[in-house]
Amino acid sequence: MPRPIRVLVAKPGLDGHDRGAKVVAAALRDAGMEVIYTGLHQTPEMIATAAVQEDVDVVGLSILSGAHMTLFPRVRELLHVAGRDDILLTGGGIIPQSDMEALQRTGVGRLFGPGTSTGDLVRYIREWFAERQPQDA
Amino acid sequence: MTSAALLAEFRARRPAALARAISIVENRRPGFEAILAALYPSTGRARRIGVTGPPGAGKSTLTAQLTSAWRAAGHTVGIVAVDPTSPYTGGALLGDRIRMEAVALDDGVYIRSLATRGAGGGMSAAAADAADVLDAFGFDRVIIETVGVGQSELDVAQATDSCLLVLVPESGDAIQALKAGLMEVADLFVVNKADRPGADQIRRDIEFTLRLRAAPAAAVPRAPAPWTPPVLATAAVTGTGIADVLGALDAHYAYLFETGSLAERRRARLQARVVDIVDRRMRERMWEDAAATTWLAGQLDALAARETTPFAVADALLARPGGLGRRTP
């Protein structure tokens, strides 16, 4: 039996709007994934530590504060230091298209703007997981 | 990564290797038995504590408070937090880390969320294995936190040295369940959110129920004297009463140690583990043979027509060539 995809959904930074993150967490759960939800105001260090401890496949960040150009690269870097470059770092929020493209060039996955259907996100994660090199766990 | 490379990383105390080892064990990936076997000699050092109770009782908050206190005393802590898998989608929302933020960045703390993945009670089948892995990694304390829904209290009690049942003033119905026989599994009762009305009442109810149970034992003094579970009050959010819980856990551990019950309990746990492995192996051996399933499907008409019985079919299955053999009377 295939194991469930494990996803960390985190809300970094100072903005307190977590409805989007909760909707995404519930949608991924309903799509059969195991979602670790860590709540508001997470630092990049907390997110990377949780991702490593939970041995997730995917980290999804919800960022509405405008700090995405700092937060995504920082989490990517901390995952690299922990030896977990294989984790897909994705997310969404209020992020201009040009920033999304710039982040994707630095190893961040697809980013989703407001109005994205949760189905698109589920499909994206499933397709990424299916295409990825088979892991030993 | 090969098992040998993983074990080397594990022994070098790389958190990613610990996390991966737990995943392999949880997913029953090829080689998981070899990993558990390699780690087995390093197990048996951690004190294992179970934290169980109804949803929303404050188990995660209490777990975080106990962890902070143990860290302050210099002990490292590994936590396995078990939450239910949806039986409809197979997905799970694991939110215990939200309440454990205070210890999330501590190098001496490792938190792992597991979903029950179809395990009958509230406890993941892999939780006991994950506890072994954490024990082998060298954590001084291993906490298994799980939602109590009946059977799972028994599972968590069996997997730990001390089992703590967390209730809240609103848990009146839970007391009824306790009277029905779940009382025995708890070594410690904690009435959390004790700043709310009704806390004293529920403590009295638990103590009364415990005395009913203890009465016959008191009439015939035995050595060692039986452990009487203390009933403590906490407000885990503020930390009120946490020192009492720590003291009671230490007292219980001292009791277990001095009476020899600790060794007895751990041996019983090992026995249960072997029985569990045998059960699983027999089940796999039986059903990995597709012919067995096909043969069973062929018996359904006769069963439905009441021409044979489920017992006869089961015995015939077991007696098939390559089956597990019939139990000799």
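The sequence lines fix the lettering, A, B, ..., with proteins before strands; numbering per chain opens at 1.
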Please test A/I36 against B/D96 for side chain to side chain contact (heavy atoms under 4.5 Å, CB included), starting from the C-alpha separation and ending with a verdict.
-> CA-CA 8 Å; A/I36 294 104; B/D96 289 320; over 6 Å; no

The single option from B/R28, B/R29, B/E26 that satisfies side-chain contact (heavy atoms from CB on, under 4.5 Å) with A/R3 is B/R29

Quick one: what part of A/A25 sits under 4.5 Å from any heavy atom of chain B, side chain, backbone, both or neither?
-> both

Near B/D107 CG, under 6.0 Å, is it more than 12 heavy atoms from other residues, nucleotides or ligands?
-> no

Name the region of A/M46, side chain, backbone, both or neither, that has any atom closer than 4.5 Å to a heavy atom of chain B.
-> both

Nearest heavy-atom contact between B/A16 and A/A82 is CB-O, 3.9 Å

Which one of A/P4, A/A31, A/A51, A/G39 has the most heavy-atom pairs closer than 4.5 Å to chain B?
-> A/P4

Look only at the side chain of A/E54 and the backbone of B/S113, and say whether a donor-acceptor pair between them is shorter than 3.5 Å.
-> yes

Distance-only, no hydrogens or angles: does the A/Q53 side chain make a donor-acceptor pair with backbone N or O of B/V109 under 3.5 Å?
-> yes

Here the pair of heavy atoms bringing B/A115 nearest to A/E34 is CB-OE2, 3.3 Å

Side-chain contact, heavy-atom cut-off 4.5 Å: A/M33 with B/T89?
-> no

Residues B/L93 and A/Y37: closest non-hydrogen pair is CD1-CB, 4.3 Å

B/S86 side-chain N/O to A/D30 backbone N/O, donor-acceptor pair under 3.5 Å = no

Gap between atom CZ of A/R29 and atom CG of B/L94 - 0.5 Å precision | 10.5 Å

Roughly how far, to the nearest 0.5 Å, is the CZ atom of B/R97 from the OG1 atom of A/T38?
-> 8.0 Å

How would you list, in number order, the residues of residues 35-49 of chain B that have a heavy atom less than 4.5 Å from chain A?
-> none

Could you look at B/L18 and say if it's the side chain, the backbone, both or neither that has a heavy atom under 4.5 Å from chain A?
-> neither

When you look at CZ of B/R141, are more than 12 heavy atoms from neighbouring residues, nucleotides or ligands closer to it than 6.0 Å?
-> yes

Residue B/R14 versus chain A: region with a heavy atom under 4.5 Å | side chain

Which bit of A/L40 comes within less than 4.5 Å of chain B, counting heavy atoms only: side chain, backbone, both or neither?
-> backbone

